[in-house]
Amino acid sequence: MKLSAVFSSSCYSSAIAKNALQPPSLITLPASAFLPPLSRKLSCRHGVSYNRLSFRGNSSFSSTAISSSKSDSQSQGSESFFRDTLRSMETVYLNRNPTAKSILELVSSVDDEQICYDHLAFRTFGVNGYGINSLASLFLDYGYTQKEELRFPAKKLKALWFSPPNSSSQDGGSGVNGPLPRVFISELLVDQLSPRAQEIIRKYTKKSGSGNNYAALASALGSLTWEKPLYSEFQQLAGESEYAAWTLVNGYALNHVTISTHRLKSNLRNIKSLNEFIKKNGFKLNSDGGVLKVSPDGLLLQSSTVADSMPFSFSDCVVESVPCSYIEFAERLVLPQYKNLSESEVFTMLSGVC
């Protein structure tokens, strides 16, 4: 039985938040959204086990085993580089968002918790090659599988989500050092904005040249691929699209990470307990629309912090506070058809994955 088939497939998308300081919009993905992809890469750990079995009964399997071992070694090297890239992205995120960093440290201090990410979210401009594909290539190259496209006409957005390869579990690791998370990348449909907003966005993406080819590098470095904008232009975009204004000053930086609360070992695996724990420690949860957001099927519970902000030096020497990111918490409940599983059985399954 696959773990992902036992839990709810509903999902919130904070990347489609109406405002960085507002609660995320509720999105329900199809049931296939959280099932494992059909083709997965074997981890090096699994590869070693396979090679040993290959050598046991028949020596004719030796060349296959050696080839498999070499391939697995190369995959491990690739995954190591990929995780280094994710760690750099995560470092930028944590340095810019002290609330997220403090909460992660706080949660991990309880019973030495291992924290698993449900998903990572990014925002992009859908123009001049700076949209979803500019960042998706990194994840596709390292074994992720592209899934359904989602459309949000009212917000002039579209998005794709990507499922991680099966070789994404690392024993004892937390965050990006643990099971690789799902990835959600959205893009703003720039050609549907006002002429002035389009002009501003096209101006900076055009000046960036081929910067879209280095989207992952920009995210890992915490750098913009275009020049810093004028404050007046930021204000112009903010008046029309919070998403556009956020992306103009944050670029390819992580928009948010989401903690899988149901994978925690302590009582904090209950999101209501986690919310109370966070509030008692002096952190503010986003209460707009209610602290706890529930999916239509009632199987996904989610909350989030209010976005942090940071001072930004605009090109005209104006320094103003701009919105950064926030951190989310998601508890996926067991699907009705598996409600007969005991809590210890579910916990055992979770322990084997995370």
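Computed from heavy atoms alone, side chains included, the values below leave out hydrogens, waters and symmetry copies. Residues: numbered from 1 along the sequence shown.
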Not counting sequence neighbours, which residues clear ring-ring contact (aromatic ring centres under 6.0 Å, His included) with [X]? List them please.
X    : answer
Y93  : none
F125 : W226
F314 : Y231, F234, F312

Kindly indicate whether the side chain of [X], heavy atoms from C-beta on, has any atom under 4.5 Å from the side chain of [Y].
X    : Y    : answer
I103 : E105 : no
P311 : S321 : no
W246 : V322 : no
F139 : Q146 : no
I200 : Q236 : yes
L300 : V294 : no
T258 : Y117 : no
P98  : D308 : yes

Smallest separation among heavy atoms of [X] and [Y], with atom names:
X    : Y    : value
K147 : S163 : CE-OG, 3.4 Å
L264 : L268 : CD1-O, 3.7 Å
S315 : L230 : OG-CD2, 3.3 Å
L301 : G298 : CD2-O, 4.3 Å
A215 : S134 : CB-O, 3.4 Å

Atom [atom1] of [X] and atom [atom2] of [Y]: how far apart are they, to the nearest 0.5 Å?
X    : Y    : atom1 : atom2 : value
K158 : I185 : NZ    : CD1   : 12.0 Å
L193 : R202 : CG    : CZ    : 9.5 Å
Y326 : N286 : OH    : CG    : 8.5 Å
L86  : L180 : CG    : CG    : 6.5 Å
F122 : T124 : CZ    : OG1   : 11.0 Å
S303 : L285 : OG    : CG    : 5.5 Å

Keeping the roles fixed (side chain from [X], backbone from [Y]), state whether a donor-acceptor pair exists under 3.5 Å.
X    : Y    : answer
R123 : N255 : no
T261 : A330 : yes
E149 : L160 : no
H262 : E331 : no
Q114 : G173 : yes
N97  : H256 : no
T225 : G211 : no
K293 : G290 : yes
R96  : T91  : no
S88  : A220 : no

| Tracing side-chain links under 4.5 Å among I, L, V, M, F, W and Y, which residues wind up in one group with Y214? |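 Members other than Y214 - counting any ILVMFWY side chain reachable under 4.5 Å - are L217, L221.
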| message | Could you go through T99 and T305, starting from their C-alpha distance and side-chain angles, then the distance that decides it, and tell me whether this counts as side-chain hydrogen bond (donor to acceptor under 3.5 Å, both in side chains)? | response | CA-CA 8 Å; T99 297; T305 64; 5.9 Å; no
What pairs with [X] under side chain to side chain contact (heavy atoms under 4.5 Å, CB included), at least two apart in sequence or on another chain?
X    : result
S102 : F283
S194 : R196, A197, E240
S273 : N267, N270

| query | Would you say the ring centroid of F82 lies under 6.0 angstrom from that of Y142? | reply |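 Judged by ring-centre distance (under 6.0 Å), F82 and Y142 do meet the cut-off.
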| message | Let's go through S186 and Y243 carefully: what are the C-alpha distance in whole Å and the side-chain angles of both, what is the deciding distance for side-chain hydrogen bond (donor to acceptor under 3.5 Å, both in side chains) to 0.1 Å, and is it a yes or a no? | response | CA-CA 10 Å; S186 57; Y243 186 110; 2.7 Å; yes
| Does R332 come within less than 4.0 Å of D118, counting only side-chain N to carboxylate O? | yes
| request: Apply side-chain contact (heavy atoms from CB on, under 4.5 Å) to K156 and S241, showing your working. | output: CA-CA 9 Å; K156 302 178 176 64; S241 168; over 6 Å; no
Residues in salt bridge (charged side-chain N to carboxylate O under 4.0 Å, His left out) with [X], at least two apart?
X    : result
K203 : E233
K206 : none
D316 : none
E276 : K279

| said: Test side-chain hydrogen bond (donor to acceptor under 3.5 Å, both in side chains) on T247 and Y252; report intermediate values, then the result. | reply: CA-CA 7 Å; T247 307; Y252 290 108; over 6 Å; no
| Hey, are E187 and Y130 close enough side-chain-wise for a donor-acceptor pair under 3.5 Å? | no
| Is there a donor in the side chain of R87 and an acceptor in the side chain of N177, or the other way round, less than 3.5 Å apart? |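 Their side chains do contain a donor-acceptor pair, which is all the 3.5 Å distance test asks for.
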| request: Indicate if I132 and L189 have the same hydrophobic cluster label, given that clusters are the connected sets of ILVMFWY residues with side-chain heavy-atom separations under 4.5 angstrom. | output: no
| task | Establish whether V92 and F81 are linked, either directly or via other cluster members, by ILVMFWY side-chain heavy-atom contacts under 4.5 Å. | result |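 No; tracing contacts between hydrophobic side chains, which count when under 4.5 Å, never links both residues.
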| request: Carefully, step by step, assess L248 and Y204 under the rule side-chain contact (heavy atoms from CB on, under 4.5 Å). | output: CA-CA 9 Å; L248 187 66; Y204 287 100; 4.1 Å; yes
| task | Give the intermediate values and the outcome of side-chain contact (heavy atoms from CB on, under 4.5 Å) for residues L94 and L104. | result | CA-CA 9 Å; L94 295 177; L104 285 169; 3.5 Å; yes
| request: Just jot down the side-chain hydrogen bond (donor to acceptor under 3.5 Å, both in side chains) partners of N128, sequence neighbours excluded, or say none. | output: T205
